[in-house]
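Input: a single structure, listed below in structure tokens.
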Amino acid sequence: MPVARDIMTASAECIGAEDSVLDAARKLTELGVGALPICGTDDKLKGVLTDRDITVKVLGKGRDPQQTKAGELAQGEAVTIGADDDANEIFATMARHKVRRLPVIDGHRLVGMVALADVARALPDPQVGDLLEALSTD
């Protein structure tokens, strides 16, 4: 069974916790992705910022994206997956936490991101349906 490092998008770029949400939006657009890991000045993962976070938590609440820091949107400890965890563990983590993207960590270092589509390609067909169902229910 493939492991995270086999199916992830390598070299994920971070947005700094002190960078503005506007900068994050520009970076999302430039990279053509829907999520960015938030990294602190200590190079530790602080969370994940999604395009939905920007829409709902900033724009939808009338906050200024140029004044709002990316780190303000990090919520608790980031859910991650180990680089050597297999597709079943990724599936279980996504389903348990109801997330569609996971930062991939090797030790304490961010090495990539794994998305729902990556896992769907790696899992046998019946498990893909189970994952989609688990992520779609409340």
Side-chain angles (χ1 to χ4, degrees):
M1 171 149 310
V3 297
R5 74 173 73 247
D6 298 329
I7 62 174
M8 70 182 188
T9 300
S11 63
E13 290 193 35
C14 284
I15 190 71
E18 296 300 314
D19 291 338
S20 75
V21 169
L22 182 59
D23 290 336
R26 288 179 176 144
K27 196 168 200 174
L28 287 167
T29 302
E30 175 187 311
L31 297 172
V33 297
L36 286 171
I38 302 170
C39 296
T41 54
D42 58 0
D43 281 336
K44 295 209 175 176
L45 185 67
K46 303 298 182 191
V48 175
L49 174 70
T50 67
D51 48 9
R52 186 174 193 285
D53 291 332
I54 294 170
T55 303
V56 174
K57 297 175 183 175
V58 179
L59 301 177
K61 296 203 174 177
R63 296 172 71 183
D64 182 349
Q66 196 163 1
Q67 297 302 315
T68 305
K69 303 292 184 206
E72 293 174 38
L73 302 181
Q75 297 179 342
E77 190 172 326
V79 177
T80 63
I81 198 76
D84 294 317
D85 290 341
D86 68 27
N88 282 326
E89 181 60 28
I90 299 167
F91 162 79
T93 302
M94 285 182 162
R96 184 171 49 255
H97 295 280
K98 297 207 182 271
V99 296
R100 297 171 186 268
R101 301 172 187 100
L102 288 169
V104 180
I105 304 295
D106 190 359
H108 295 288
R109 191 171 57 93
L110 176 70
V111 294
M113 291 284 285
V114 64
L116 177 60
D118 301 322
V119 181
R121 284 189 292 270
L123 289 172
D125 288 342
Q127 284 185 295
V128 173
D130 292 343
L131 177 58
L132 292 173
E133 181 180 348
L135 292 176
S136 298
T137 58
D138 290 329

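Position 1 is the first residue of the sequence; numbering continues from there.
- Between Pro103 and Val48, some side-chain heavy-atom pair lies under the 4.5 Å cut-off.
- Side-chain contact between Leu45 and Ile38 is absent, with no heavy-atom pair separated by less than 4.5 Å.
- The side chain to side chain donor-acceptor pair (under 3.5 Å) pairs that include a residue from residues 52-63 are Thr50-Asp53, Asp53-Lys57, Arg63-Glu72, where partners are two or more places apart or lie in different chains.
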Could you walk me through whether Leu102 and Val79 pass the side-chain contact (heavy atoms from CB on, under 4.5 Å) test, one step at a time?
CA-CA 7 Å; Leu102 288 169; Val79 177; 3.5 Å; yes

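- Considering all non-hydrogen atoms of both residues, Leu36 and Ala24 come closest at CD1-O, 3.8 Å.
- The structure places CG of Asp118 at 11.5 Å from CG of Asp6, a figure rounded to the nearest 0.5 Å.
- Taking the side chain as every heavy atom from C-beta outward, Ile7 and Ile90 approach each other to under 4.5 Å.
- You'll find the side chain of Lys69 stays beyond 4.5 Å of the side chain of Asp19, heavy atoms only.
- Using a 4.5 Å heavy-atom cutoff, the side chains of Cys39 and Lys44 are not in contact.
- For the pair Leu31 and Glu13, the minimum side-chain heavy-atom distance is below 4.5 Å.
- Residues Arg96 and Glu89 share a closest heavy-atom pair of NH2-OE2, 3.9 Å.
- Looking at every heavy atom in both residues, Asp23 comes nearest to Ser20 through N-OG, 2.9 Å.
- Residues Leu73 and Val33 fall within the same hydrophobic cluster, defined by Ile, Leu, Val, Met, Phe, Trp and Tyr side chains chained together at heavy-atom separations under 4.5 Å.
- Between Leu116 and Arg101, every side-chain heavy-atom pair lies at or beyond the 4.5 Å cut-off.
- Between Val111 and Met8 there is a side-chain heavy-atom pair separated by less than 4.5 Å.
- A distance of 12.5 Å separates CE of Met113 from CD1 of Ile81, quoted to the nearest 0.5 Å.
- Note that NE2 of His97 and OG1 of Thr80 are 9.0 Å apart. Values are rounded to the nearest 0.5 Å.
- Here the closest heavy-atom approach between residue Ala78 and residue Gly47 is recorded as CB-CA, 3.8 Å.
- When every heavy atom of Gly16 is checked against every heavy atom of Ala70, the shortest pair comes out as O-CB, 3.6 Å.
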Using the rule given for side-chain contact (heavy atoms from CB on, under 4.5 Å), can you reason through Val104 versus Leu110, listing the C-alpha separation, both sets of side-chain angles and the distance that settles it, and then say yes or no?
CA-CA 6 Å; Val104 180; Leu110 176 70; 5.8 Å; no

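- The backbone N or O of Arg109 lies less than 3.5 Å from no partner atom in the side chain of Asp106, so there is not a single donor-acceptor pair.
- The minimum heavy-atom distance linking Leu59 with Pro65 is given by the pair CD2-CG, 4.1 Å.
- The existence of a salt bridge linking Asp84 and Arg5 is confirmed by a sub-4.0 Å separation between a basic side-chain nitrogen and an acidic carboxylate oxygen.
- Cluster annotation: Ile54 is not connected to Leu22 through the hydrophobic network of ILVMFWY side chains, with a link wherever side-chain heavy atoms come within less than 4.5 Å.
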